[in-house]
Amino acid sequence: MPEMTYLQAIHDGLREELLADERVLVMGEDVGRFGGAFKVTDGLWDEFGAERVIDTPLAEAAIIGTAVGAAVVGMRPVCEMQFADFVACGFDQLVNVAGKMHYRQGLAVPITVRLPSGGGFGGGPFHSQNPEAWFMHAPGLKVVAPATAADAKGMLIGAIHDPNPVLFFEHKHLYRRVKGEVPPGREETPFRARVAREGRDLTVIAYGAMVWSALEATEDIDGASVEVIDLRSLVPLDEEAILASVAKTSKVVVIDEANATCAAGAQVAALIAERAFEDLDGPVVRVATPDAPIAFSPPLERALLPQADRIEEACRELLEY
Amino acid sequence: MPEMTYLQAIHDGLREELLADERVLVMGEDVGRFGGAFKVTDGLWDEFGAERVIDTPLAEAAIIGTAVGAAVVGMRPVCEMQFADFVACGFDQLVNVAGKMHYRQGLAVPITVRLPSGGGFGGGPFHSQNPEAWFMHAPGLKVVAPATAADAKGMLIGAIHDPNPVLFFEHKHLYRRVKGEVPPGREETPFRARVAREGRDLTVIAYGAMVWSALEATEDIDGASVEVIDLRSLVPLDEEAILASVAKTSKVVVIDEANATCAAGAQVAALIAERAFEDLDGPVVRVATPDAPIAFSPPLERALLPQADRIEEACRELLEY
Amino acid sequence: MATTASGPITAGIDGASVTSELLTREDRVQLLRYMLLMRGVEERALNLYRQGKVPGSFYDGFGQEAISAGAAFAMAAEDRLCVLHRDLAAHLVRGVAPGRVLAQYMGRTSGLTDGRDGNVHFGDRRLGCVGMVSMLPDMMPVANGMALAFKLRGERRCALTWLGDGASSRGDFHEAMNWAGVSRLPVIFVLENNQYAYSTPTELQFAVDPIARAASYGVHGETVDGNDAEAVFAAAFEARARALDGGGPTLIEAVTMRMHGHAAHDDMRYVPAELVEHWRARDPVELQERRVIELGADAQELRADVTSELDAAVDWALEQPMPDPGSAARGVFCEGAAEPLGDGMAPFSGYTREAL
Amino acid sequence: MATTASGPITAGIDGASVTSELLTREDRVQLLRYMLLMRGVEERALNLYRQGKVPGSFYDGFGQEAISAGAAFAMAAEDRLCVLHRDLAAHLVRGVAPGRVLAQYMGRTSGLTDGRDGNVHFGDRRLGCVGMVSMLPDMMPVANGMALAFKLRGERRCALTWLGDGASSRGDFHEAMNWAGVSRLPVIFVLENNQYAYSTPTELQFAVDPIARAASYGVHGETVDGNDAEAVFAAAFEARARALDGGGPTLIEAVTMRMHGHAAHDDMRYVPAELVEHWRARDPVELQERRVIELGADAQELRADVTSELDAAVDWALEQPMPDPGSAARGVFCEGAAEPLGDGMAPFSGYTREAL
Ligand SMILES: Cc1ncc(C[n+]2csc(CCOP(=O)(O)OP(=O)(O)O)c2C)c(N)n1
Ligand SMILES: Cc1ncc(C[n+]2csc(CCOP(=O)(O)OP(=O)(O)O)c2C)c(N)n1
Ligand SMILES: [Mg+2]
Ligand SMILES: [Mg+2]
């Protein structure tokens with residue numbers, strides 16, 4: 001099986017789908033000839049032409065709305081927000097047009113929106129956000145966030161095949177830092193959680209880049225056996241996997257790179273507090289970015305985003321609880 | 001003290017501020033001559049003129065962005081979204097321009113955005129939403145939601161006086177259903193929680209219209225003493241008041257009219273699970289609208305929105321736990 | 001009087017000659033029939049609303065029937081439409097039965113959304129229609145997307161949507177117009193300039209009538225008499241031909257007047273009486289009726305037919321049950337395969353003739 | 001070559017006569033000085049970036065210095081500006097010290113945001129400037145709001161913001177243009193048409209140059225040579241007079257070319273070499289330098305002054321500490337009283353003369 005970076009895996013997933021399914025379109029700002037701000041779509045314009053890999057005007061609402069229109073007449077558009085942050089400009093089309101269409105009219109909207117998200121490289125307040133939770137709180141949208149190269153490809157393919165609008169959060173900081181074996185072909189990775197490391201004493205729940213921070217932070221906490229759950233999908237949320245792990249370990253730390261309030265981790269913690277209360281041997285601990293914009297200057301950014309040492313400390317405290 | 005409806009109280013708050021502070025502007029679609037879709041601003045155009053009570057073009061992003069601009073040169077704009085649902089169209093200006101300004105540049109943005117929200121009257125998927133949680137998850141925005149007439153006025157005044165952007169969620173279903181004594185003048189109601197009813201056996205946490213449902217549902221549950229906390233403000237969230245009540249009762253039910261996932265109630269539940277774990281004698285129970293658009297047809301809408309009987313049942317179960 | 005109302009209305013094409021060429025007498029009667037149906041359904045629905053049988057708010061298109069009837073009548077079965085809130089006739093032209101519309105308004109099963117959405121927010125996907133969302137004019141980019149797909153696939157089809165004068169102020173108008181121009185999409189936008197957006201007159205909405213913007217987007221623009229169904233038809237028909245021939249998008253401004261309040265609760269006190277009077281004399285249904293009577297059609301019989309069709313529709317709709325509360329949270333996601341929009345009815349004889 | 005680049009550039013006013021009337025020799029030297037400063041700060045910053053001392057991405061306005069220098073120079077102290085990402089000279093004109101800009105780029109204290117935001121996203125509120133957000137062109141409605149306040153309060157002031165050709169495609173452009181037209185706001189929008197939005201050439205961005213849209217919003221529109229600081233000044237000065245006299249908003253299209261990649265990582269391979277060559281010969285700094293030399297000014301001395309100012313600025317900036325990590329989450333909300341924007345510097349002698 002070929003080794004690929006997370007970024008190459010996304011590219012590969014797009015390419016496989018463009019090759020196999022003529023209904024698939026790629027569209028967004030600078031995704032065509034230039035190959036995308038992060039070069040995820042590099043080469044696709046040459047291979048598939050300007051009609052299938054479309055450079056659009058700078059207009060996020062129109063990109064999403066146009067994708068919806070193409071989807072309901074049979075296409076499978078994959079659109080890119082240049083940075084996840086800019087989805088705020090297309091927010092209405094996503095939550096009101098795409099998200100509510102099937103419930104209201106039985107009309108499926110098979111679009112995929114790729115959202116390069118996350119911080120850690122001095123992107124500042126407008127190029128570092130993790131806005132997943134906004135869309136978890138908007139019915140009708142699926143929300144997924146792979147952590148590994150293989151999942152990046154498999155879940156992108158799953159998103160493209162899905163008859164619903166899927167928001168695909170690809171973490172920019174993983175693009176070139178994470179590598180792994182990626183199966184060829186068009187196999188879907190199901191939108192279910194994955195046990196990134198098995199353990200007995202404590203569960204750490206994360207997704208996206210935080211899975212790696214969680215693994216790093218818990219590699220060796222005085223020999224404790226720490227289970228790390230990679231959620232992979234936020235909508236649907238794999239509640240069974242979460243509850244099963246908590247039932248086993250009785251202690252849980254939930255990590256968010258996003259701002260803490262009403263984040264994905266708040267939902268996970270609330271779920272556990274309601275449905276796993278009897279299993280718990282300690283508080284449901286959260287480690288998240290405080291409610292501030294992501295600062296540009298490296299020492300500030302580091303202080304805001306959850307670092308491995310902060311996660312480790314939270315785990316250690318809970319283990320000792 | 002005069003008795004007023006919740007709607008009249010908001011009107012009164014606007015009027016007092018327009019009278020007292022020439023920096024205050026009211027702006028929005030149809031708020032002027034027509035007096036607003038719900039008649040909240042009725043008469044203000046006649047009294048204060050078209051320059052202070054401004055009928056704007058149909059353009060939510062511009063309404064919010066224009067308010068921001070006016071605010072940073074010294075005005076105190078109060079803008080109205082005709083329905084809270086339409087804030088999706090001005091989402092970017094709120095979260096990216098208004099919310100991040102002070103953190104980034106030390107520049108205060110004293111705007112108030114009035115958002116008539118909530119369901120219960122056949123408004124359907126686009127006129128019934130409770131989108132508070134989106135903004136709780138966007139740093140730099142205050143988010144408040146009064147339940148009583150007096151609070152509606154006092155908190156609106158507090159919002160206008162606040163040097164920060166404040167999202168003022170006024171529940172449409174309370175407009176004419178709720179009445180109460182409303183103090184004259186310009187006194188602010190602090191953005192802190194209120195004990196709507198004291199109790200010992202169980203805490204019910206709610207805000208907006210759900211405060212009334214909570215009170216109704218727990219009026220008499222076999223003589224149990226149920227405390228009802230009216231959060232009033234979601235950002236800032238009165239964590240101390242929540243934790244104090246849970247410390248007293250050890251059991252808590254959290255109500256949301258909003259869709260469950262990542263709602264305000266998820267944040268409250270996560271807070272309790274982390275900070276009040278030792279106080280708890282049972283799971284943190286949530287009653288919320290399932291993750292679906294708010295249906296139009298009355299039997300469907302009733303089935304989705306939390307009704308008193310559903311709340312009562314949840315409380316009863318937890319009391320028996 | 002609002003600027004556009006007093007300004008001259010220039011039909012971009014010579015309505016009379018085009019229609020006499022294209023529309024048969026039967027077509028012209030059909031146009032009247034759809035307008036009568038629209039008016040009748042909305043009258044019945046307003047009654048049901050007053051009886052408390054229609055929940056929520058009640059919007060109608062009284063006085064604007066010519067625009068949805070005329071534009072939808074110009075569309076072929078394989079074209080796709082996003083239908084707006086004053087465009088009931090478009091649903092009827094595409095083949096939606098009046099009874100289903102009434103059931104829809106009352107939130108019953110057998111409506112078009114199974115009670116999930118309200119009176120104007122619907123479309124029959126099997127008939128090639130996407131129902132609007134409330135956020136205006138969000139369907140413009142969606143229509144672009146359909147048109148983009150047609151163009152990419154080399155299909156001779158177009159997409160059409162309506163929008164209001166007020167909606168033209170929102171960003172989505174601009175983003176859609178711009179992209180339609182850049183990509184020369186086979187799309188038609190019909191701007192219903194009915195002088196008001198809720199209570200807001202056009203002079204508070206724009207300094208210059210938005211039709212003036214069309215050219216600056218590379219979009220063909222023209223203004224027609226929105227109370228003349230045949231003029232609207234002709235403009236839409238020509239726009240469709242342009243779209244299919246690679247001539248790109250069209251913005252048609254149909255000038256009309258909203259003759260009812262914004263919704264049933266609105267007494268539209270803010271509208272000058274003369275303006276209403278001016279337009280009452282130009283009622284689109286009466287205009288078309290006079291026309292077909294001149295052509296020798298029996299309008300009375302037609303009215304009688306429509307009335308009995310509507311009587312039956314009301315009875316049928318009232319028999320439909322309310323949806324099962326247990327189903328309220330179902331259907332948020334599509335569980336099976338995604339089915340694209342189907343073809344609608346295309347009653348214009350030009351398409352039938354072609355098909356034969 | 002992109003459409004607008006090859007098309008004729010018509011200055012709306014006779015640049016030469018206006019500038020000779022308004023600008024003193026010293027003003028014209030000052031314009032050059034701000035442009036040299038901008039170019040110099042950005043050169044230094046790029047070096048620091050290559051040395052790893054500037055985090056994140058690095059954007060500059062190389063080749064576009066005339067636009068921010070010229071437009072900002074036309075503004076009075078009491079006017080208000082929202083400054084965009086290729087407009088560094090505007091900050092300098094308003095009085096921001098080069099050292100603070102460099103500290104800002106390096107994420108240090110003594111920058112303008114205390115490390116909270118990055119290189120181009122800042123403004124000194126005490127100098128009447130609002131820093132941009134990344135979302136383009138979100139500052140247009142904000143500029144409208146400032147202008148609205150001025151108008152309501154009867155103040156003779158205006159607001160100005162810049163935007164790019166790409167940004168003109170977004171909804172906020174439209175909403176802001178439309179409202180500015182309806183309310184005849186004293187606002188100036190300077191559209192920097194630098195032929196590209198990141199890699200996207202204008203022909204994929206719009207079918208018709210957006211300046212054509214101005215009139216259809218009731219906004220005065222004109223195109224100027226964006227590489228001629230005095231032409232930009234003259235257009236902005238005239239637009240300001242129009243704004244203050246109740247003549248409403250202006251859209252100035254300043255035609256130029258982005259002479260660097262979108263950001264430092266971008267080699268702009270996608271730009272035809274001839275296009276770059278064409279514009280290299282029209283370098284705005286050299287143009288202004290030739291001008292002032294003709295007027296007898298000592299450009300070499302000026303360059304030397306600027307160089308030593310910049311040397312000192314770099315040294316100073318490098319001495320500034322990084323912000324305290326413990327403060328990272330502070331300042332999200334304003335805790336004290338809201339302080340509105342202050343007045344900026346207005347170096348144009350016309351304002352000083354008035355003031356004297
Ligand atoms: C984005 C948005 N903001 C506000 C509303 C509330 N609203 C509903 S209809 C309407 C007026 C629409 O006017 P216009 O576009 O002229 O259409 P008309 O109703 O006159 O046909 C308004 C403001 C809305 N539907 N969408
Ligand atoms: C709403 C939005 N979408 C995407 C981006 C990403 N982006 C940053 S600059 C840029 C190109 C801007 O082009 P233009 O407006 O012409 O300005 P220029 O950089 O050429 O000065 C893009 C797409 C953005 N900043 N804002
Ligand atoms: Mg209208
Ligand atoms: Mg550009």
Side-chain angles (χ1 to χ4, degrees), chain A residues 60-61 85-96 99-100 103-104 124-126 129 131-140 234-235 237 254 258-278 280 282-286 290-293 295-296 321, chain B residues 60-61 85-96 99-100 103-104 124-126 129 131-140 234-235 237 254 258-278 280 282-286 290-293 295-296 321:
Chain A
E60 284 75 11
D85 310 68
F86 299 120
V87 76
C89 302
F91 190 81
D92 167 52
Q93 284 281 344
L94 264 179
V95 306
N96 285 316
K100 295 177 179 151
Y103 181 75
R104 296 168 54 232
F126 305 108
Q129 293 172 90
E132 303 85 28
W134 289 339
F135 303 102
M136 295 174 68
H137 191 60
L234 302 173
V235 179
L237 184 66
V254 186
N259 295 119
T261 295
C262 291
Q267 176 63 23
V268 170
L271 169 79
I272 294 168
E274 181 161 26
R275 307 251 311 268
F277 176 70
E278 307 220 335
L280 286 174
V284 181
V285 173
R286 295 187 59 198
D291 293 327
F296 163 74
Y321 183 89
Chain B
E60 284 75 10
D85 310 68
F86 299 119
V87 77
C89 302
F91 189 80
D92 168 51
Q93 284 282 344
L94 265 179
V95 306
N96 286 316
K100 295 178 180 150
Y103 181 75
R104 296 169 54 233
F126 305 107
Q129 291 172 93
E132 304 85 27
W134 289 338
F135 303 102
M136 296 174 69
H137 192 60
L234 301 173
V235 179
L237 184 65
V254 186
N259 295 119
T261 294
C262 291
Q267 176 62 23
V268 170
L271 169 79
I272 294 168
E274 182 161 24
R275 306 253 311 269
F277 176 71
E278 306 218 335
L280 285 174
V284 182
V285 172
R286 296 187 58 199
D291 293 327
F296 162 75
Y321 182 90

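Hydrogens, waters and symmetry mates are skipped; everything else that's a heavy atom, side chains included, is used. In what follows, every chain begins at residue 1, and chains take the letters A, B, ... in the order their sequences are listed. This one's a predicted model, so the numbers in the text were calculated from it and none came from an experiment.
- Counting all heavy atoms, side chain and backbone alike, B/Ala292 lies closest to A/Tyr103 at CB-CE1, 4.3 Å.
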Might you work through the side chain to side chain contact (heavy atoms under 4.5 Å, CB included) test for A/Val95 and B/Phe91, ending with a clear yes or no? CA-CA 11 Å; A/Val95 306; B/Phe91 189 80; over 6 Å; no

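- For B/Arg286 against A/Gln267, the heavy-atom pair with the smallest separation is NH1-OE1, 3.4 Å.
- For the pair B/Trp134 and A/His137, the tightest heavy-atom approach, listed with the atom from each and the gap, is NE1-O, 3.5 Å.
- Contacts with chain B were tallied for A/Arg275, A/Met136, A/Lys100, A/Glu60; A/Lys100 has the most, counting heavy-atom pairs under 4.5 Å.
- The greatest number of non-hydrogen atom pairs below 4.5 Å with chain A, out of B/Val285, B/Leu280, B/Asn96, B/Asp291, is found for B/Asn96.
- Your options are A/Ala138, A/Ala295, A/Ala276, A/Gly282, and the one with the most heavy-atom pairs under 4.5 Å with chain B is A/Gly282.
- Here the CG-CG distance, from B/Asp92 to A/Asp92, works out to 12.0 Å after rounding to the nearest 0.5 Å.
- Chosen from B/Ala269, B/Cys262, B/Gly140, B/Pro125, the residue pairing most often with chain A at heavy-atom distances under 4.5 Å is B/Cys262.
- Highest contact tally toward chain A, considering only B/Pro131, B/Ala263, B/Ala61, B/Ala264, is held by B/Ala263 [criterion: heavy-atom pairs under 4.5 Å].
- Using a 4.5 Å cut-off between heavy atoms, A/Gln129 contacts chain B through its side chain alone, with no backbone atom that close.
- When every heavy atom of B/Ala273 is checked against every heavy atom of A/Ala273, the shortest pair comes out as CB-CB, 3.5 Å.
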